[in-house]
Amino acid sequence: MSKSSRYEWRDQQASLQERMKLFLQKPDNAQLEAVIAEMRAYAAAAQAGTIDIPERFVAFT
């Protein structure tokens, strides 16, 4: 996985997590639809091969 691919994947993960946080803070239909749209975009990008998903992911918190 190239460095730019890794950054693109990380940015997409961060965007998805931010949408989920907003939904958890204010659970309404608009936020739910935004989370679902973000998840569908992530899945479509993964299926199309436009993003690389690492085989292993280690998070440091």
Side-chain angles (χ1 to χ4, degrees):
M1 174 182 267
S2 71
K3 197 174 204 179
S4 63
S5 294
R6 188 175 308 267
Y7 286 142
E8 186 177 336
W9 175 79
R10 185 199 65 195
D11 292 345
Q12 196 145 9
Q13 281 291 313
S15 176
L16 178 58
Q17 289 175 2
E18 186 63 29
R19 290 274 185 202
M20 292 176 103
K21 282 180 190 178
L22 291 173
F23 172 70
L24 291 173
Q25 290 172 355
K26 184 182 174 191
D28 61 7
N29 284 341
Q31 293 297 331
L32 178 61
E33 291 299 322
V35 169
I36 291 170
E38 192 77 35
M39 292 175 108
R40 285 185 176 143
Y42 182 82
Q47 288 176 342
T50 56
I51 62 168
D52 287 333
I53 300 175
E55 291 181 22
R56 262 189 316 169
F57 175 70
V58 178
F60 298 100
T61 57

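Keep in mind that this is a model prediction, so the values were computed, not measured. Heavy-atom basis, side chains included; hydrogens, waters and symmetry copies ignored.
- Between Leu16 and Val35, the shortest heavy-atom contact is CD1-O, 4.4 Å.
- Tested against Tyr42 for a side-chain hydrogen bond (donor to acceptor under 3.5 Å, both in side chains), the candidates Gln47, Gln12, Gln13 yield a single pass: Gln13.
- More than 12 heavy atoms of other residues, nucleotides or ligands lie within 6.0 Å of CG in Asp28, so this atom counts as buried by the packing criterion.
- Atoms CD and CZ, on Gln31 and Arg19 in that order, are 7.0 Å from each other to the nearest 0.5 Å.
- Inter-residue side-chain proximity for Lys26 and Leu22 is flagged as unmet; no heavy-atom pair is nearer than 4.5 Å.
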